[in-house]
Amino acid sequence: MRRGILPIVGSRIEDVQAADCAKRPILIAPKPAAFRRRVIGQKITEIGRVGKRVVVRLASSDAMIFEPRMTGLVLLAAPPTIEHLRLKVALSGGKHKELLFWDRRGLGLVRLVTPREFDKLYGLEKLGPDALAVTSVELRDRLATSRRAIKVALLDQRALAGVGNLYASEILHLARVHPACPCDQLRPAQWQAIHAAILEVLNLAIRYEGSTLGDGTYRNALNEQGGFQNHHRVYDRAGEACPSCGKTQIQRIVQAQRSTFFCDRCQKPGRKRRAAAAGQ
DNA sequence: CATATGTCCTGAGAGC
DNA sequence: TGCTCTCAGGACATAT
């Protein structure tokens, strides 16, 4: 998403229109009037990212934060439907005349923040290191003492920022780690494998511009489908043969109310620690 | 403090 | 056919 709207760097914001949304009035903070006043006339200096949010930085040093959650899209082209268009930002001085935020389910949000608010909302207190920048050692240090299942821990944005449910399954299959294995039972070599798989899977998904699943919701900034769904190893493939061993059917289980997909041949549960048993 | 569960939202699909 | 029910997974509030 960040890469998709990079072309608007240098453009100036001419206008902002927020759709009235009775269900979720807190679509925008601050309130529309203040939002408009602080944004109109501003030049866009940079497009950044913090975890799963897109950050549009302005010359004033304020930043617009786009948080798509499940079905939110950041667009430079016409949206999938005129319904569910939440925010329209009119631009000048560049190729693109509009930046849009469209969100079918309305779980996403857009807010404007000062640098101080940015740190408070998205600083190290709230978000872990970025998944594309974390080192293997840092990853292990932050997660290895947890008793939670590794799949559940990977989704904790305070521990590690940027991994979502789909990619957690993909990462653990590539790393050959069982999703239900408690973090504190993983061996150093497994942490290295997970770290390598995080980079591999996320970078590949970025190259293919994301996963457009059955409901067709995800689109890139030009409202085109992603391609990574054709490269999913396990996600949404329950019952199909595992792409690694070709022998076992991919399983679907539920962890923390979310689907997990894995191969029980390639991703063996970790052995219980021998030390504990031997000590008795 | 560390984990676990409930909540919000919409539209698709299942089942009857 | 048309109704109800369940589910999808982001982040955060509340509970254990």
Side-chain angles (χ1 to χ4, degrees), chain A residues 1-2 18-29 49-55 65-74 79-87 101-111 113 117-118 120-128 130-131 141-172 179-186 201-202 205 210-219 226 228-229 232 234-239 250 252-262:
Chain A
M1 285 183 168
R2 185 189 73 83
D20 284 324
C21 183
K23 285 268 169 70
R24 281 213 146 191
I26 317 175
L27 187 65
I28 295 179
R49 179 180 65 76
V50 55
K52 300 174 184 174
R53 294 136 174 123
V54 178
V55 180
I65 311 295
F66 291 80
E67 186 170 328
R69 300 206 184 170
M70 263 307 289
T71 54
L73 296 178
V74 175
T81 67
I82 49 165
E83 227 189 342
H84 305 130
L85 184 58
R86 311 287 171 160
L87 190 74
F101 185 70
W102 179 93
D103 187 6
R104 176 161 61 73
R105 272 160 67 180
L107 295 176
L109 53 90
V110 178
R111 53 161 49 111
V113 296
E117 289 167 336
F118 183 92
K120 199 171 172 184
L121 285 166
Y122 311 114
L124 292 177
E125 301 270 306
K126 294 288 182 85
L127 286 180
D130 190 86
D141 284 351
R142 293 187 69 92
L143 291 178
T145 59
S146 173
R147 290 195 296 272
R148 287 183 298 180
I150 178 63
K151 160 66 167 31
V152 175
L154 280 177
L155 298 179
D156 181 351
Q157 303 298 298
R158 304 174 81 116
L160 179 72
V163 175
N165 192 56
L166 186 164
Y167 296 108
S169 284
E170 294 296 305
I171 286 162
L172 292 175
C181 183
C183 290
D184 61 4
Q185 287 184 24
L186 288 166
V201 168
L202 294 185
S211 303
T212 301
L213 301 177
D215 68 359
T217 298
Y218 178 73
R219 304 263 150 178
F228 192 63
Q229 67 280 3
H232 286 174
V234 290
Y235 185 82
D236 214 13
R237 294 193 184 282
I250 292 159
R252 176 186 177 272
I253 59 173
V254 173
Q255 297 179 281
Q257 286 90 246
R258 271 108 183 106
S259 298
T260 301
F261 298 87
F262 73 109

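What you see is a predicted model; the values in this text were computed from it and never measured. Reminder, nothing fancy here: chain letters follow the sequence lines and each chain counts from 1.
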Report task. Give A:Gly164 one of three labels, base, sugar-phosphate or nothing, depending on what nucleic acid heavy atoms sit under 4.0 Å from its own. Result -> sugar-phosphate
Requested in this report: Could you tell me which residues satisfy salt bridge (Lys or Arg N to Asp or Glu O under 4.0 Å) with A:Arg148, sequence neighbours excluded, listed by chain and number?
Outcome: A:Asp156
Query raised in the report: How long is the line joining CG of A:Leu154 and P of C:dA11, in whole Å?
Result: 14 Å
Requested in this report: Rounded to the nearest angstrom, tell me the gap between atom CG in A:Asp156 and atom C1' in C:dC12.
Outcome: 12 Å
Report task. Return the value, rounded to whole Å, for the distance between atom CZ of A:Arg49 and atom C1' of C:dG10. Result -> 16 Å
Under-3.5 Å N/O pairs linking protein and nucleotides 11-14 of chain B:
| from | atom 1 | to | atom 2 | distance (Å) |
| --- | --- | --- | --- | --- |
| B:dG11 | OP1 | A:His84 | NE2 | 3.3 |
| B:dG11 | O4' | A:Arg104 | NH1 | 3.1 |

Report task. Take the C1' atoms of the five end pairs on each side of the helix from B:dA2-C:dT16 to B:dC16-C:dG2, get both axes, and report the angle to 10 degrees. Result -> 50°
Requested in this report: Walk me through it: do A:Val254 and A:Thr260 pass the test side chain to side chain contact (heavy atoms under 4.5 Å, CB included)?
Outcome: CA-CA 6 Å; A:Val254 173; A:Thr260 301; over 6 Å; no
Query - Backbone of A:Glu125 reached by a side-chain donor or acceptor of A:Arg158 within 3.5 Å - result: yes
Query - Point-to-point distance, once rounded to the nearest 0.5 Å, from CG of A:Leu166 to OG of A:Ser211 - result: 4.5 Å
**Report entry** Spacing of A:Glu67 atom CD relative to C:dA11 atom P, expressed in whole Å
**Finding:** 6 Å
Query raised in the report: With a non-hydrogen cut-off below 4.0 angstrom, is A:Ser259 in contact with a base, only sugar-phosphate, or nothing?
Result: sugar-phosphate
Query raised in the report: Pick the nucleotide of DNA chain C nearest each of A:Leu121 and A:Arg252; which residue has the one closer to the 5' end?
Result: A:Arg252
Requested in this report: In whole angstrom, give the distance that lies between atom CE of A:Met70 and atom P of B:dT10.
Outcome: 14 Å
Report task. Grab the CZ-P distance between A:Arg53 and C:dG10 for me, whole Å please. Result -> 12 Å
Requested in this report: Determine the contact category for A:Tyr235: base if any of its heavy atoms lies under 4.0 Å from a base atom, sugar-phosphate if only primed atoms, P, OP1 or OP2 are that close, otherwise nothing.
Outcome: sugar-phosphate
Requested in this report: With side chain to side chain donor-acceptor pair (under 3.5 Å) as the test, would you mind laying out the steps for A:Gln229 and A:Thr212 before giving the verdict?
Outcome: CA-CA 6 Å; A:Gln229 67 280 3; A:Thr212 301; 4.5 Å; no
Requested in this report: Please report, rounded to the nearest Å, how far the C1' atom of B:dC1 is from the CD atom of A:Glu125.
Outcome: 14 Å
Query raised in the report: For the side chain of A:Trp102 and the backbone of A:Gly72, is there at least one donor-acceptor N/O pair under 3.5 Å apart?
Result: no
Query raised in the report: Excluding sequence neighbours, so at least two apart, what forms side chain to side chain donor-acceptor pair (under 3.5 Å) with A:Arg49?
Result: A:Asp130
Report task. Look only at the side chain of A:Gln157 and the backbone of A:Leu155, and say whether a donor-acceptor pair between them is shorter than 3.5 Å. Result -> yes
Requested in this report: Evaluate the side chain to side chain contact (heavy atoms under 4.5 Å, CB included) criterion for residues A:Arg258 and A:Lys151: first the C-alpha distance (whole Å), next the side-chain angles of each, then the deciding distance (0.1 Å), finally the verdict.
Outcome: CA-CA 10 Å; A:Arg258 271 108 183 106; A:Lys151 160 66 167 31; 4.3 Å; yes
Requested in this report: Using the test side chain to side chain donor-acceptor pair (under 3.5 Å), find all partners of A:Arg104 that sit at least two apart in sequence or belong to another chain.
Outcome: A:Asp215, A:Thr217
All N/O contacts under 3.5 Å from nucleotides 3-8 of chain B to the protein, with atom names and distances to one decimal?
| from | atom 1 | to | atom 2 | distance (Å) |
| --- | --- | --- | --- | --- |
| B:dT3 | OP1 | A:Arg147 | N | 2.9 |

Report task. Check whether any side-chain N or O of A:Asp103 sits under 3.5 Å from a backbone N or O of A:Gly108 as a donor-acceptor pair, and report yes or no. Result -> yes
Query raised in the report: A:Arg237 side chain to A:His232 main-chain N or O, any donor-acceptor pair under 3.5 Å?
Result: yes
Query raised in the report: Tell me: CG of A:Leu155 to C1' of B:dA2, nearest whole Å?
Result: 17 Å
